[in-house]
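Everything below concerns the one structure shown next.
First listed ligand is number 1; within each ligand, the first listed atom is number 1.
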Amino acid sequence: MLSIAHLGKTFEDGTRALSDVSLEVGKGEFVVVLGPSGSGKTTLLRCINGLVTPSTGTVELEGRRVAKDSLRQVRGRIGMIFQDFNLVGNLTALNNVLTGVLDRTATMASLLYLFNKEHKLWALECLDRVGILAKAYTRADRLSGGQQQRVGIARAIIKKPAVLLADEPVASLDPLIAFNILSLLKDINRTHGITVVCNLHQVDFALRFADRIVGLAGGGIVMDRPTDEVDEGYIQDIYRGHDQGLFFGPGADQARPEEDLRFTA
Ligand SMILES: Nc1ncnc2c1ncn2[C@@H]1O[C@H](COP(=O)(O)OP(=O)(O)O)[C@@H](O)[C@H]1O
Ligand SMILES: [Mg+2]
């Protein structure tokens with residue numbers, strides 16, 4: 001459903017962020033792109049949603065080439081989830097979710113009056129899906145980090161996307177909350193068949209949640225394997241030259257996979 005061929009990106013200042021990246025992602029897969037800081041993960045996601053124009057190569061989503069004249073349709077099929085949530089602080093959780101159905105170019109707050117009852121009921125449904133219906137009328141800036149990311153996920157799924165692109169969605173969260181948020185993403189992936197491409201730098205989370213891990217280093221793919229075939233040696237390849245102590249994310253052993261914590265924020 002997502003087809004990336006020979007993708008390269010060199011920025012204006014000469015920084016080469018990606019080179020010859022080719023990747024096929026099937027419908028319903030949960031793919032983690034794992035790599036150290038600066039390896040090109042964000043640039044890769046931004047090439048998929050058209051925020052960055054590749055220097056070479058192509059991206060196709062559901063058979064449609066991502067290009068200037070297809071951006072509207074392409075973005076209609078993509079839900080984005082961000083590290084810093086990117087919510088509008090002075091809007092309620094509900095209104096933040098509703099902004100997910102707006103065109104990027106629209107002035108969000110000024111257009112909220114356009115939403116009809118069906119939109120609002122569906123947005124409430126999405127908040128319920130991510131476990132924070134009770135916070136629908138709370139301002140986003142009054143929510144905890146975990147709750148804000150739940151709103152971010154509700155905003156991403158409101159348009160029923162084919163794929164969720166998550167750029168380090170738990171990097172700003174405590175380990176246990178991070179675990180819960182990734183569990184929620186996995187559950188949405190499984191239940192609704194929505195494909196997920198998720199950038200992470202924590203190895204333990206990648207091993208726990210991914211169907212498949214793509215290792216990125218220096219802008220190139222250095223590993224692409226089903227998670228159950230990934231061992232320590234491959235992981236070391238990804239982080240070679242990056243002695244950042246990232247093999248096992250801080251406090252990850254505090255996460256409790258056996259408990260159902262999905263709807264605790
Ligand atoms: N707009 C930009 N202009 C110049 N260099 C950039 C830009 N965005 C990212 N880079 C560089 O591209 C490389 C990859 O960055 P990025 O995709 O953000 O990596 P990651 O998300 O894995 O940390 C880094 O060297 C970064 O400094
Ligand atoms: Mg990044």
Point-to-point distance, once rounded to the nearest 0.5 Å, from CZ of Phe82 to CE of Met80: 4.5 Å

Inter-residue atom distance Cys198.SG - Phe209.CZ, 0.5 Å rounding: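 Nearest 0.5 Å value for the SG-CZ distance: 9.5 Å.
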
Side chain to side chain contact (heavy atoms under 4.5 Å, CB included) between Leu165 and Ile81, worked out: CA-CA 6 Å; Leu165 303 180; Ile81 299 167; over 6 Å; no

Any protein heavy atom nearer than 4.0 Å to atom 20 (P) of ligand 1: yes

Any protein heavy atom nearer than 4.0 Å to atom 26 (C) of ligand 1: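 No, because not a single protein heavy atom sits under 4.0 Å from atom 26 (C) of ligand 1.
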
I need the atoms of ligand 1 closer than 4.0 Å to a non-hydrogen atom of [X], numbered in the order shown.
X: Thr42; answer: 17 (O), 18 (O), 20 (P), 21 (O)
X: Pro36; answer: 22 (O)
X: Thr15; answer: 5 (N), 11 (C), 12 (O), 25 (O)
X: Ser37; answer: 23 (O)

Gly219 touching ligand 1 at heavy-atom level, < 4.0 angstrom: no

Whether Gly40 lies under 4.0 Å from ligand 1, heavy atom: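 Yes, Gly40 has heavy atoms under 4.0 Å from ligand 1.
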
Region of Asn199 engaging ligand 1 - heavy atom pairs below 4.0 Å: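 Neither; nothing of Asn199 gets under 4.0 Å from ligand 1.
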
Main-chain N/O of Ala17 paired to Thr43 side chain as donor or acceptor, under 3.5 Å: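 Not at all, since once roles are kept as given, no pair shorter than 3.5 Å links the two residues.
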
Exam field: side chain Asn96 to backbone Val88, donor-acceptor pair closer than 3.5 Å: yes

Whether Ser37 has an N, O or S atom under 2.8 Å from the Mg ion (ligand 2): no

Closest protein heavy atom to atom 12 (O) of ligand 1, given as residue, atom name and distance to 0.1 Å: Ala17 CB, 3.4 Å

Residue, atom name and distance, where the atom is the protein heavy atom closest to atom 9 (C) of ligand 1: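 Residue, atom and distance for the closest contact: Phe11 CE1, 3.5 Å.
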
Verdict with reasoning, Val151 to Ile132, per side chain to side chain contact (heavy atoms under 4.5 Å, CB included): CA-CA 8 Å; Val151 176; Ile132 49 163; 3.3 Å; yes

Min N/O separation Gly38 to ligand 1 under 3.5 Å: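 Among all N and O atoms of Gly38, at least one is under 3.5 Å from an N or O of ligand 1.
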
Validation row: Thr191, Arg129 side chains within 4.5 angstrom (heavy atoms):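 Yes; the side chains approach each other to less than 4.5 Å.
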
Shortest reach to atom 15 (O) of ligand 1 by a heavy atom, considering only Leu44, Asp167, Thr43, Val33: Thr43

Within 6.0 Å of NE2 in His192, more than 12 heavy atoms from elsewhere: yes

Presence of salt bridge, Arg190 and Asp211, under 4.0 angstrom: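 Salt bridge: yes.
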
